[in-house]
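Notes for the one structure printed next.
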Amino acid sequence: MSFRDPSRPAPEFNKVPKHIAIVMDGNGRWANQRGLARTEGHKAGEHALLEVVSGALEIGVQAISAYAFSTENWKRDPEEVRFLMGFNRDVLRRRRDQLIDWNVKVVWSGSEKNLWKSVISELKLSERMTSHLNQMTLNMCVNYGGRGELVEATKKVASKVREGKLDPEKITEKTLQSQMFQPSLPDVDLFIRSSGEQRISNFLPWQSSYAEMVFSPTLWPDFTRETLWETVSEFQSRDRRFGSAKDSPAQG
Ligand code: IPE
Ligand code: IPE
Ligand code: MG
């Protein structure tokens with residue numbers, strides 16, 4: 001099945017973000033608005049993820065980081081946590097062939113701590129089966145926390161110092177970058193959060209330090225390729241200066 005939908009053509013974009021991070025939020029509210037259990041909202045979110053991946057492929061995005069389960073989500077009701085574990089495992093299994101067909105490389109960012117063994121093995125199997133694919137990278141962030149990632153990176157750098165392999169004076173941003181879960185992914189250009197919440201909730205703080213933030217009111221299960229393209233239009237209207245400055249003299 002092609003990732004294209006000819007009845008819904010993509011707009012022409014001249015400046016496409018290389019790496020998009022998405023906080024897929026609003027599943028519970030989507031379900032509750034319909035008098036359904038929160039888990040029904042998670043189920044409905046699966047289609048939205050595939051929609052967004054295909055919409056991103058159409059416009060030539062290189063990487064998507066999708067926040068599927070945070071290290072803070074263990075605080076939820078055990079029933080919901082159980083559901084989310086099984087659901088993440090099943091989505092990876094169910095969608096693997098489709099992603100392979102689309103030439104998408106799947107990688108995992110997250111901690112093994114507390115994560116179900118079956119989820120870890122499904123993530124690792126997806127990584128192995130798609131490691132040769134190169135149209136786009138889908139970075140599945142499962143049991144991910146940004147501060148935790150920085151702590152782990154710091155520990156690895158500290159060990160190198162202790163072993164005498166690294167001079168602390170020589171530590172640079174590149175040194176830390178090289179210890180992140182996905183060191184070869186470009187920085188996040190566009191950071192999207194659905195559902196109207198305006199916070200990053202511990203998602204990719206290092207990688208997003210110069211990202212453009214777009215907060216969409218759409219609840220995640222209602223998110224489509226068109227919603228993604230709207231956020232890309234918003235991204236394109238921004239003036240990214242990265243700390244530089246230039247005068248724009250008034251006309252007339
Ligand atoms: C996001 O939807 C999915 C996960 C955190 C796994 P929520 O479950 O947070 O939905 P809301 O925010 O309660 O609507
Ligand atoms: C962030 O959403 C985590 C995921 C989408 C996986 P949450 O709904 O858990 O975040 P908070 O509680 O609003 O910060
Ligand atoms: Mg939420």
Side-chain angles (χ1 to χ4, degrees), residues 1-5 10 13 15-24 45-70 85 87-112 115-146 148-149 152-153 156 174 176-192 203-204 206-208 211 220 223-225 228-229 231-232 235:
M1 200 180 83
S2 166
F3 55 77
R4 291 183 208 285
D5 181 344
F13 288 119
K15 216 175 36 175
V16 174
K18 284 194 189 135
H19 183 179
I20 301 181
I22 309 185
V23 181
M24 307 185 285
E46 177 178 348
H47 179 255
L49 175 61
L50 273 290
E51 258 286 302
V52 162
V53 170
S54 57
L57 281 163
E58 280 208 49
I59 60 173
V61 172
Q62 288 177 19
I64 288 194
S65 290
Y67 209 4
F69 190 90
S70 76
M85 285 294 125
F87 180 68
N88 274 294
R89 179 194 61 214
D90 296 348
V91 169
L92 287 160
R93 195 176 291 159
R94 196 161 40 234
R95 299 298 185 167
R96 193 178 290 124
D97 287 350
Q98 190 168 21
L99 292 170
I100 290 173
D101 210 37
W102 292 352
N103 201 8
V104 172
K105 184 207 290 262
V106 178
V107 296
W108 168 42
S109 292
S111 161
E112 295 202 3
L115 195 56
W116 283 14
K117 295 277 174 294
S118 62
V119 179
I120 297 173
S121 49
E122 212 59 56
L123 283 160
K124 291 191 171 168
L125 183 60
S126 284
E127 285 189 324
R128 279 201 302 280
M129 288 180 72
T130 64
S131 61
H132 59 296
L133 303 178
N134 56 16
Q135 189 64 40
M136 191 178 89
T137 300
L138 175 60
N139 178 24
M140 289 300 296
C141 300
V142 183
N143 202 21
Y144 175 85
E149 181 180 28
E152 289 310 311
K156 286 184 198 138
K174 278 203 179 107
L176 268 145
Q177 170 68 19
S178 71
Q179 300 304 332
M180 297 294 149
F181 289 123
Q182 302 301 335
S184 60
L185 284 187
D187 281 353
V188 173
D189 298 301
L190 170 59
F191 184 112
I192 303 170
F203 193 41
L204 299 173
W206 171 270
Q207 298 82 348
S208 303
W220 180 248
F223 220 88
T224 62
R225 64 186 69 216
L228 175 78
W229 295 336
T231 66
V232 174
F235 168 82

List the steps, then state whether side chain to side chain contact (heavy atoms under 4.5 Å, CB included) holds for N103 with L133. CA-CA 5 Å; N103 201 8; L133 303 178; 3.3 Å; yes
Give, for atom CG of D187 and atom CD of Q177, the distance between the pair rounded to the nearest 0.5 Å. 6.5 Å
Distance (rounded to the nearest 0.5 Å) between M136 CE and E58 CD: 12.0 Å
Between CD1 on residue I22 and CZ on residue F191, distance to nearest 0.5 Å: 10.0 Å
So L204 and Y144, do their side chains get closer than 4.5 Å, heavy atoms only? yes
Between the CZ atom in R4 and the OG atom in S54, the distance rounded to the nearest 0.5 Å is 10.5 Å
Quick one: sort the Y67 and F203 rings into parallel, tilted or perpendicular, breaks at 30° and 60°. parallel
Side-chain contact test, heavy atoms from C-beta onward, threshold under 4.5 Å: evaluate it for F87 versus D90 and give yes or no. no
Could you walk me through whether V53 and F3 satisfy the side chain to side chain contact (heavy atoms under 4.5 Å, CB included) test, starting with their C-alpha distance in whole Å, then the side-chain angles of each, then the deciding distance to 0.1 Å, before giving a yes or no? CA-CA 8 Å; V53 170; F3 55 77; over 6 Å; no
Side-chain contact, heavy-atom cut-off 4.5 Å: N143 with V119? no
Please find the pair of heavy atoms, one from F235 and one from D189, that lie closest to each other, and give the distance. CE1-O, 3.4 Å
Working note: C141 + N139, criterion side chain to side chain contact (heavy atoms under 4.5 Å, CB included); need CA distance, chi angles, decisive distance, verdict. CA-CA 6 Å; C141 300; N139 178 24; 3.7 Å; yes
Working to the nearest 0.5 Å, report the span between CG of N88 and CZ of F69. 8.0 Å
Does the pair R93/E122 count as a salt bridge with the N-to-O cut at 4.0 Å? yes
Are any of the side-chain heavy atoms of Q179 and E152 separated by less than 4.5 Å? no
Could you tell me if the side chain of R94 sits less than 4.5 Å from the side chain of E46, heavy atoms only? yes
Compare all side-chain heavy atoms of V142 with those of L123 and state whether any distance is below 4.5 angstrom. yes
Do T130 and L99 pass the side chain to side chain contact (heavy atoms under 4.5 Å, CB included) test, and can you show the C-alpha distance, the side-chain angles, and the key distance before you say yes or no? CA-CA 8 Å; T130 64; L99 292 170; 5.6 Å; no
For S65 and H19, which heavy atoms make the closest approach, and how far apart are they? OG-NE2, 2.7 Å
Taking all heavy atoms of W229 and all of G55, pick out the closest pair and write down the distance. NE1-O, 3.1 Å
How far apart are the closest heavy atoms of A56 and I64, and which atoms are they? CB-CD1, 3.5 Å
Do L50 and R95 come within less than 4.5 Å of each other through their side chains, counting heavy atoms only? yes
Does the side chain of W206 come within less than 4.5 Å of E149's, by heavy atoms? no
K18 atom NZ: more than 12 heavy-atom contacts under 6.0 Å: no
What one should report as the nearest heavy-atom pair of I20 and L228 is CD1-CD1, 4.2 Å
Which distance, rounded to the nearest 0.5 Å, do you find between the CE of M24 and the CD1 of I192? 11.5 Å
For W220, what residues pass the ring-ring contact (aromatic ring centres under 6.0 Å, His included) criterion, not counting sequence neighbours? F223
Run through L115, L138, L92 and flag the one making a side-chain contact (heavy atoms from CB on, under 4.5 Å) with W108. L115
